[in-house]
Protein chains: 2
Amino acid sequence: MRRNISESTVRRLSFYLRILEKVEAVGIDTLSSEKLAQRTGTTAAQVRKDLSLFGSFGKRGLGYAIPQLASELREILGLDRTWRVALVGGGRIGSALFEYSGFRKRGFEIVAVLDADSSKVGQRWGKVVLSDIADLEKVLTAESVDIVILTIPAESVPDVLDRVVAVGVRGILNYAPVQLRVPGDVTVKDVNMVLELEALSFALSQTKGE
Amino acid sequence: MRRNISESTVRRLSFYLRILEKVEAVGIDTLSSEKLAQRTGTTAAQVRKDLSLFGSFGKRGLGYAIPQLASELREILGLDRTWRVALVGGGRIGSALFEYSGFRKRGFEIVAVLDADSSKVGQRWGKVVLSDIADLEKVLTAESVDIVILTIPAESVPDVLDRVVAVGVRGILNYAPVQLRVPGDVTVKDVNMVLELEALSFALSQTKGE
DNA sequence: TCCATTTTGTGAACTAATTCACAAGGGTCT
DNA sequence: AGACCCTTGTGAATTAGTTCACAAAATGGA
């Protein structure tokens, strides 16, 4: 049933869930596709289409029961569990991500931080002690890591990536500005902080010219 | 000529430019769409289609002249100039972004940092002195800011956003997890650090179940 | 010069994603 | 119960994006 779900659909499901949780807190218990669409910047038809890919969660004439739909979405998105995350790279980006509370709130728990700089190894970050990247295999296995966030320099990526994949990690969030080559059963999401600014730059240049 | 350029196309143009600059450094002076496609994870036809939206930059039988194409792409993307950027919000994310060198390399110069916390106002970050967010209009105008990066808490967004737009800024990079409502001539790009992890979570949950 | 080879630029074909539009179900009021 | 709203779920139509496929350059070698 769940084939060919587009990235855009998944992104919107996340938005829906976020709004549902916000609205639930206010005490409303039902929401129409129209309302949900308004709050997430899409159309009612799109909301219904997205949800219909996974089942029939609404009541005609009424809308969607908020707690139920939220729970369905959490299950669909795999957010009904805790994901064990390792941060590989303890530099500026790494430490900002570590301190960012939004991950934990959604069930992504950073259980290990690794760095190549031996002067950093042994530092305590909250509950986590920084490990040497040389011990990557040991740490990822011992901590049962599901997802790795790569915030290392581009030149270290190929070696580290191979080792991460070899140890069985199948989800990678990549902050390094390189094209990652991985086996088919490994999922990579790239985050590129400059890319969005470049898209802005493009948009601003376009409108200015006309 | 430049109507209806999709977001995917713009993203790929950025990739192309990145590869061209990397390859240029090595001393190669020409590149085929096939090679460019391999290095950016797309197809040769896609590369040619993307470029053809803006003109004919290649030579049949030969490929694309690297410095020329790079220069064209910089112009298309608006990267043939410096963009003056203000960081609104000097918390963890804000300071990580400030210290990230990738922005400056691409011509995005952070010329102001604003924060609501009066104990932070007056701090020196490199060449920049933190301003009070109360002086937002004054600072953005004085510094001729083109683009604002919002790294403030969700609840402060509506007020700050209105003021940013009112002062004439037309490009906004938003790190706050809220849907921004802006006039049509203002471009907003949302960056959501949790979203990508959620997409990973979805992908991992899917494959695991089958 | 002519032939073989390479690679672009681009209509046409195809595939994916979004929007339309409406029957069917569910609720409420009288 | 019947009339009247609402709102879902979903095929069909539309729009957007990608891939195919090939004529039209451009080069190099005989």
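Chain letters run A, B, ... following the sequence lines, proteins first, then strands; residues in each count from 1.
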Listed nucleotide nearest any side-chain atom of [X], set [options]:
X	options	value
B:Ala45	C:dT8, D:dC20, D:dG9	D:dC20
A:Arg60	D:dA23, C:dA24, D:dT27	C:dA24
B:Ser56	C:dT19, C:dT10, C:dT7	C:dT10

Taking only side-chain N and O atoms of [X], does any of them lie within less than 4.0 angstrom of OP1 or OP2 on [N]?
X	N	answer
B:Gln46	D:dT19	yes
A:Arg12	C:dT18	yes
A:Tyr64	D:dG9	yes
A:Ser6	C:dA16	no
B:Ser33	C:dT8	yes

Over how many whole Å does the gap from [X] atom [atom1] to [N] atom [atom2] extend?
X	N	atom1	atom2	answer
B:Lys49	C:dT15	NZ	P	16 Å
B:Asp50	C:dG9	CG	P	12 Å
A:Leu51	D:dT8	CG	C1'	10 Å
B:Arg48	D:dA23	CZ	C1'	13 Å
B:Leu53	C:dG11	CG	C1'	14 Å
B:Phe57	C:dT8	CZ	P	14 Å
A:Ile5	C:dA17	CD1	C1'	12 Å
A:Glu34	D:dC6	CD	P	13 Å

Any donor-acceptor pair under 3.5 Å from [X] side chain to [Y] backbone:
X	Y	result
A:Asp146	A:Trp83	no
B:Ser14	A:Leu195	no
B:Ser201	B:Leu197	no

A:Thr42 vs B:Lys35, nearer the 5' end of DNA chain C by closest nucleotide: B:Lys35
Result block: side-chain N/O donor-acceptor pairs under 3.5 angstrom for residues 152-169 of chain A, not counting sequence neighbours:
from, atom 1, to, atom 2, distance (Å)
A:Ser156, OG, A:Pro153, O, 3.4
A:Arg163, NE, A:Glu137, OE2, 2.8
A:Arg163, NH2, A:Ile133, O, 3.0
A:Arg163, NH2, A:Ala134, O, 3.2
A:Arg163, NH2, A:Glu137, OE1, 3.0

What residue among B:Lys189, B:Arg11, B:Arg106 forms side-chain hydrogen bond (donor to acceptor under 3.5 Å, both in side chains) with A:Glu198? B:Arg106
